[in-house]
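Atoms considered below: every heavy atom in the structure, side chains included; atoms not considered: hydrogens, waters and symmetry mates.
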Amino acid sequence: MFSAFQINYRSREPIYLQVYNEVVKEISLGLLLPQEKLATVRELATTLGINPNTVSKAYQMLEQNGYIYSVVGKGSFVADNSDKLAGLKESTMKNLSKEVKTAFDLGVPVEEVRNIVDETYSEGGKKNA
């Protein structure tokens, strides 16, 4: 199932996107493994205290993007995403490199960039408020 991720109700990010992003994060961190059965829409909605339609929308997006697949009468399962995740990580690193280069070109001190990275990692990426 899922580790105990939480929804930030004060975030400007829609709740369905928070659910989507948390599931993708758990898959990329290896907390959810290929072929692992996910909580049902109703179970996850109850656990998170949100509307089942919100979870359903997140699950539909996850399926459309190849992170999960559904089997009629059995539930939703984690797809084998190793290639997709490797590509996503590589793309993210290229984008990060471009942004760091832009910061350099604009004269942003390296310590400011390091502080942002350190802060983001220490907060677990929870900067959605």
Side-chain angles (χ1 to χ4, degrees):
M1 294 288 187
F2 297 98
S3 65
F5 68 78
Q6 295 183 352
I7 299 301
N8 180 351
Y9 296 100
R10 294 181 184 205
S11 172
R12 292 181 185 186
E13 183 176 48
I15 293 173
Y16 77 92
L17 277 179
Q18 290 183 51
V19 173
Y20 175 92
N21 289 332
E22 286 295 324
V23 173
V24 170
K25 178 179 165 183
E26 290 196 4
I27 291 170
S28 73
L29 292 173
L31 299 173
L32 290 171
L33 301 173
Q35 315 316 318
E36 186 171 344
K37 187 177 188 319
L38 300 178
T40 66
V41 167
R42 191 164 282 134
E43 289 169 343
L44 187 56
T46 300
T47 300
L48 297 175
I50 60 177
N51 189 306
N53 291 332
T54 302
V55 176
S56 181
K57 186 172 183 175
Y59 274 23
Q60 287 171 4
M61 280 181 55
L62 288 160
E63 189 162 3
Q64 288 170 351
N65 292 319
Y67 289 105
I68 68 172
Y69 64 93
S70 297
V71 177
V72 177
K74 301 243 185 228
S76 297
F77 300 84
V78 177
D80 183 4
N81 297 306
S82 52
D83 292 341
K84 180 181 197 111
L85 290 172
L88 182 59
K89 287 177 183 178
E90 183 179 333
S91 169
T92 299
M93 293 307 294
K94 283 182 183 176
N95 289 335
L96 180 59
S97 181
K98 281 185 206 173
E99 294 301 326
V100 169
K101 169 92 170 75
T102 300
F104 174 81
D105 291 344
L106 293 173
V108 176
V110 69
E111 281 309 311
E112 277 189 51
V113 174
R114 285 188 183 127
N115 287 342
I116 290 170
V117 171
D118 290 344
E119 197 174 293
T120 302
Y121 268 75
S122 69
E123 293 178 5
K126 296 290 185 210
K127 286 190 156 187
N128 342 341

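The two residues Val113 and Ala103 come nearest to each other via the heavy atoms CG2-CB, 4.2 Å. Taking both residues in full, the closest heavy atoms of Gly75 and Lys37 are given as CA-NZ, 4.1 Å, listed atom of the first, atom of the second, then distance. Nearest heavy-atom pair across Thr40 and Tyr59 is O-OH, 4.4 Å. Minimum heavy-atom separation, Gly66 to Ala79: O-CB, 3.4 Å. What you find for Tyr9 and Leu48 is that their closest heavy atoms are OH-O, 2.9 Å.
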After noting the C-alpha distance and the side-chain angles of Leu96 and Val117, does the key distance pass the side chain to side chain contact (heavy atoms under 4.5 Å, CB included) rule? CA-CA 11 Å; Leu96 180 59; Val117 171; 5.5 Å; no
For Lys101 and Ser97, what are the C-alpha separation, side-chain angles and deciding distance, and is it a side chain to side chain contact (heavy atoms under 4.5 Å, CB included)? CA-CA 6 Å; Lys101 169 92 170 75; Ser97 181; 5.7 Å; no
Determine, step by step, whether Gln60 and Glu63 satisfy the side chain to side chain contact (heavy atoms under 4.5 Å, CB included) criterion, reporting the C-alpha distance in whole Å, the side-chain angles of both residues, the deciding distance to 0.1 Å, and the verdict. CA-CA 5 Å; Gln60 287 171 4; Glu63 189 162 3; 5.8 Å; no
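Side-chain atoms of Ser56 do not come within 3.5 Å of backbone N or O of Pro52 as any donor-acceptor pair.
In this structure, the separation between CD1 on Ile15 and CG on Asn53 is 12.5 Å, given to the nearest 0.5 Å. If you take NZ on Lys25 and CG on Leu32, they are separated by 12.0 Å, rounding to the nearest 0.5 Å. Here CD1 of Ile27 is found 11.5 Å from CD of Glu22. Values are rounded to the nearest 0.5 Å. Annotation: the span from Glu13 atom CD to Asn8 atom CG amounts to 9.0 Å, rounded to 0.5 Å. In this structure, Leu62 CG and Ile68 CD1 are separated by 5.0 Å, a value rounded to the nearest 0.5 Å. Glu111 CD to Asn115 CG: the interatomic distance, rounded to the nearest 0.5 Å, is 6.0 Å.
Between Glu26 and the options Leu38, Leu31, Val78, Asn21, a side-chain contact (heavy atoms from CB on, under 4.5 Å) holds for only Leu31.
In this pair, Tyr69 and Phe77 present their aromatic rings parallel. The plane angle is below 30°, not in the 30 to 60° band.
Every residue two or more places apart in sequence or in another chain was checked for a salt bridge (charged side-chain N to carboxylate O under 4.0 Å, His left out) with Glu112, and none qualifies.
Residues Val100 and Met93 share a hydrophobic cluster, clusters being chains of Ile/Leu/Val/Met/Phe/Trp/Tyr side chains in contact below 4.5 Å.
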